[in-house]
Structure formats: C-alpha cells, structure tokens
Number of protein chains: 2
Amino acid sequence: MILKSQVEWALHCCAILAGLPEGRYLSTKALAEFHGLPKEYLSKALQGLSQAGLVHTTLGPSGGYRLAKTPAELTFLDIVEAVEGKARSFVCNNIRANNPCRPPGYCESDPCAVARIMWEADEAWRQKLRSVRLSDLIETLSKDIPADLWKSSFEWVLERAG
Amino acid sequence: MILKSQVEWALHCCAILAGLPEGRYLSTKALAEFHGLPKEYLSKALQGLSQAGLVHTTLGPSGGYRLAKTPAELTFLDIVEAVEGKARSFVCNNIRANNPCRPPGYCESDPCAVARIMWEADEAWRQKLRSVRLSDLIETLSKDIPADLWKSSFEWVLERAG
DNA sequence: AAAATAGGGATATTTTATATCCTTAATAGA
DNA sequence: TCTATTAAGGATATAAAATATCCCTATTTT
C-alpha cells in the first residue's frame with residue numbers, strides 16, 4: 001500500500017508555489033523542470049489540485065498555477081486528498097456475511113468491527129496530516145535548506161513566473 | 001492507496017482462530033469456506049502470518065493453524081504488517097535533489113521535510129493499530145454478533161478443527 | 001496573428017494485486 | 001505400511017492500478 005508519487009510531487013510543488021509573489025503564476029513546465037519530473041504526468045497532479053480548489057490557474061503565456069489560499073490555510077491533508085482521493089485505505093468487503101451459519105435473510109446493520117478499527121487508524125493518519133499546514137512545511141524547509149540554495153531557487157522560480 | 005484484501009482476510013481469520021480451544025488447529029480449507037474466500041489465495045495470507053510467527057501450523061489431516069500467542073498479545077499492527085509488510089506508505093524519491101540551482105556535489109544529509117511529515121502520519125496510523133489487541137476485537141465482536149449466530153459459528157468451527 | 005498555457009480524452013507501458021495450479025514434505029489415521 | 005490430507009512455496013496467468021505519453025481544444029498574453 002503505497003501512495004502515488006504524485007502526492008510527493010504535489011506537496012513539493014505547493015511548497016514552491018507558496019513562495020510565489022502575490023498575483024503571479026508558475027507553469028507546469030517550470031514546476032516539472034525544477035523537480036525533474038515528467039511534465040505531462042505532473043500536469044495530472046496539478047489538475048487534481050485545481051479541481052479541489054487548492055490552486056488558481058490562468059491560461060496563455062505567463063499562465064500557470066498559484067495557491068488559492070494562504071499556506072497557513074492549506075493542510076497536508078488537503079493536498080494529499082486532492083491527488084490521492086478521499087477514499088479510506090481499508091475497504092470492507094463484508095466477508096463475515098459469508099458465514100455459513102448465518103440464518104437466511106439475516107442482515108447486518110452496522111459496519112463490522114474490523115472495518116471500524118481499520119477506519120479509526122485511517123482517521124488517525126488523516127488527523128495527523130490535517131494538523132500540519134503548508135506554512136509549517138515552509139518554516140521547516142527554510143531551516144533545513146542552506147540560505148544560498150534557498151535564495152537561488154527563489155530567483156530561479158521568479159524568472160519563470162508569469 | 002488501498003490495503004490488500006488479504007489484510008481483511010487475515011484479521012477475520014485471526015478472530016476465528018482466537019476462539020479455537022487450546023491445542024487444536026483449523027485448516028485453510030475451513031477458514032476459506034467460513035469466509036467465502038478462495039482457498040489457494042487465502043493460503044498466501046496465512047503463510048504471511050506463519051512467517052511472522054503469529055500462528056503455529058501442523059501438517060497432515062487435522063492439521064492447520066492456531067494462534068502462536070494469546071489474543072491479548074496480538075495487535076492489529078502485528079497482523080496487518082504480517083500480510084501487508086512493514087514498508088511505510090510514503091516513499092521519498094528525493095525529488096528536491098533535482099533542483100537545478102543545487103551546486104554540483106551538494107549532498108543532503110537528512111531526509112526531506114515532506115517525507116518526515118508523511119512518515120509521522122504513517123506512524124500515527126501504525127500507533128493506532130498497535131493500540132488495538134486481537135482480544136479487543138473479540139470483545140467487540142461478541143457484543144455485535146447475536147448470541148445464537150456466535151454459538152453456531154463456534155460449533156461450525158469446532159466440527160472442522162483438528 | 002502567433003505562441004504558450006491548462007484541461008482533458010485516448011492510449012500505451014509497467015507494476016502490483018489477485019488468483020490458480022502444481023509439486024514437495026510432513027503428518028494423522030486406517 | 002498405505003492413503004488421505006495438510007502447509008509451503010514456486011510458477012504462471014489474469015485483472016487492476018500506477019505511470020507515462022500523445023494529441024486536441026479553448027483560452028490568454030504578447
């Protein structure tokens with residue numbers, strides 16, 4: 001059970017977009033080049049962000065993406081779910097219903113106990129992702145990354161932002 | 001990102017094995033029939049439990065599986081990891097290393113901040129699964145399931161247990 | 001008018017999950 | 001001892017999902 005690599009891509013792209021000055025846009029092409037990713041496929045991830053309302057887009061030259069909210073208003077969960085979907089990681093196939101001792105016509109009302117527990121764990125995962133904002137990531141990154149690399153990356157992006 | 005259905009199968013099978021009297025064994029065939037599952041493929045999940053040391057096996061007629069530990073010593077995480085593996089759900093492909101501004105020879109020491117956060121969420125999921133014992137599941141099931149169905153299921157299993 | 005962009009449909013490739021088949025070694029019971 | 005039954009595991013087949021590319025359209029900037 002592994003998350004799509006598009007999740008990783010979307011998170012890094014949002015981190016870049018968070019540094020974009022107000023009203024400017026960065027294209028798929030620039031984001032793909034910056035991260036060394038296939039442009040066409042990355043585009044699908046960005047479309048996911050767009051459909052979830054996390055980013056704004058414009059067309060034409062100097063078009064591209066910008067965040068639709070402030071980094072403090074965007075959580076990891078927002079981004080992960082935009083790309084990966086909101087479906088729970090555990091699917092209950094209700095195999096207890098196949099119990100040969102079950103009287104005919106017997107109908108279970110509640111979801112089975114196994115599913116409830118697995119769903120609680122899934123919710124714990126989501127709660128953790130919900131508790132981390134994009135602004136928290138930026139703060140951590142700015143400490144992790146050497147100042148000169150941070151600065152040159154910012155300039156690289158600005159040169160390509162419409 | 002969806003867990004293998006074998007995880008669900010293994011959890012339900014362990015719940016059945018938990019009700020097995022001391023020293024008796026239940027075969028793949030019986031477990032498959034009880035849950036309406038493909039016998040050969042379920043066998044792979046049970047092999048996972050065996051390799052993880054969660055169950056004991058014996059060969060021959062009246063052979064099969066029994067728990068290697070008490071239900072109170074078995075957690076959901078034990079069972080999930082035995083079937084699904086221990087790998088984290090987020091894989092870091094280190095795409096920040098492709099940053100075109102990175103000076104040649106530059107080497108990142110720590111895992112990237114995105115990965116650290118995703119791994120913390122993964123750990124929250126595991127911690128939740130670690131906190132639930134198989135005995136907790138049995139307790140819940142015994143309340144959820146009508147007494148007569150519970151009883152007849154127990155008898156069904158006993159008839160087939162070697 | 002021309003160039004660049006996002007959106008999205010169609011398709012291909014690779015990987016993973018699901019499922020079955022078969023052989024082997026061990027074991028219980030007749 | 002002989003037979004039936006079992007778990008283990010290798011080999012293979014099928015189905016589904018992830019990854020990736022291509023192409024067309026509408027839009028927007030220059």
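In what follows, every chain begins at residue 1, and chains take the letters A, B, ... in the order their sequences are listed.
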(request) Would you indicate, yes or no, if D:dA7 has its OP1 or OP2 atom less than 4.0 angstrom from a side-chain nitrogen or oxygen of B:T28? (result) yes

(message) Quick check on C:dG7: is either OP1 or OP2 less than 4.0 Å from any side-chain nitrogen or oxygen of A:Q51?
(response) no

Enumerate, atom names and distances included, each donor-acceptor pair closer than 3.5 Å involving a side-chain atom of residues 151-162 of chain B, sequence neighbours excluded.
{"from": "B:K151", "atom 1": "NZ", "to": "B:E155", "atom 2": "OE2", "distance (Å)": "3.2"}
{"from": "B:S152", "atom 1": "OG", "to": "B:D148", "atom 2": "O", "distance (Å)": "3.0"}
{"from": "B:S152", "atom 1": "OG", "to": "B:L149", "atom 2": "O", "distance (Å)": "3.1"}
{"from": "B:S153", "atom 1": "OG", "to": "A:N99", "atom 2": "ND2", "distance (Å)": "2.8"}
{"from": "B:S153", "atom 1": "OG", "to": "B:L149", "atom 2": "O", "distance (Å)": "2.7"}
{"from": "B:R160", "atom 1": "NH1", "to": "B:W156", "atom 2": "O", "distance (Å)": "2.9"}

(message) Any base atoms under 4.0 Å from A:Y65, or only sugar-phosphate, or nothing? Heavy atoms, all strands.
(response) sugar-phosphate

(message) With nearest nucleotide decided by heavy atoms, which residue, A:L42 or A:L59, maps closer to the 5′ end of DNA chain D?
(response) A:L42

(message) Whole angstroms only, please: what is the CG-P distance between B:L37 and C:dT20?
(response) 11 Å

(message) For a quick check of understanding: with a heavy-atom distance under 4.0 Å over all strands, which category does A:G162 fall into, base, sugar-phosphate or nothing?
(response) nothing

(request) Give the rounded distance in Å between these two atoms: CG of A:N93 and P of C:dA19. (result) 9 Å

(request) Compare the minimum distances between each of C:dA28, D:dT28, C:dT20 and the side chain of B:P38, then state the nucleotide with the smallest one. (result) C:dT20

(message) Just verifying a value: how many Å separate A:L134 CG and A:F76 CZ, rounded to the nearest 0.5 Å?
(response) 7.0 Å

(request) Determine whether the side chains of B:Q47 and B:S43 contain a donor N or O and an acceptor N or O closer than 3.5 Å. (result) yes

(request) From the options D:dG9, D:dT21, D:dT27, select the nucleotide whose nearest atom is closest to the side chain of B:Q47. (result) D:dG9

(message) Please confirm whether the shortest side-chain N or O distance from A:S50 to OP1 or OP2 of C:dA6 is below 4.0 Å.
(response) no

(request) Could you tell me whether a side-chain N or O of A:E8 sits under 3.5 Å from a main-chain N or O of B:C92, the two making a donor and an acceptor? (result) no

(message) So A:T58, base contact, sugar-phosphate only, or nothing? Heavy-atom distance under 4.0 Å.
(response) sugar-phosphate

(request) Go through A:D144 and B:R116 one step at a time and tell me if the salt bridge (Lys or Arg N to Asp or Glu O under 4.0 Å) criterion holds. (result) CA-CA 12 Å; A:D144 284 5; B:R116 291 205 305 274; 3.2 Å; yes

(request) Send over the distance from A:E40 CD to C:dA10 C1', rounded to a whole Å. (result) 13 Å

(message) Please report the interatomic distance OH(B:Y65) to CG(B:L46), rounded to the nearest 0.5 Å.
(response) 4.5 Å

(message) Just the rounded figure in Å: distance from C1' of C:dG29 to OH of B:Y25.
(response) 17 Å

(message) Under a 3.5 Å threshold, yes or no: a donor from one side chain and an acceptor from the other, between B:R96 and B:N94?
(response) yes

(request) State which of C:dA25, D:dT29, D:dT5 makes the closest approach to the side chain of A:P61. (result) D:dT29

(request) Looking only at side-chain atoms of A:W9, point me to the closest of C:dA28, D:dC23, D:dA20. (result) D:dA20

(message) Rounding to an integer number of Å, can you tell me how far A:K39 NZ sits from D:dC23 C1'?
(response) 12 Å

(message) Does a side-chain N or O of B:Q6 approach OP1 or OP2 of C:dA19 to a distance below 4.0 Å, or not?
(response) no

(message) If I take atom CG in residue A:L46 and atom C1' in nucleotide C:dG7, what distance separates them, rounded to the nearest angstrom?
(response) 12 Å

Within the sub-3.5 Å range, which N or O atoms of nucleotides 11-18 of chain D have a protein N or O partner, and how far apart are they?
none

(message) Treating A:E81 as the side-chain partner and A:K86 as the backbone partner, does any N or O pair qualify as donor plus acceptor under 3.5 Å?
(response) no

(request) Check whether any side-chain N or O of A:S62 sits under 4.0 Å from OP1 or OP2 of D:dT28, and answer yes or no. (result) no

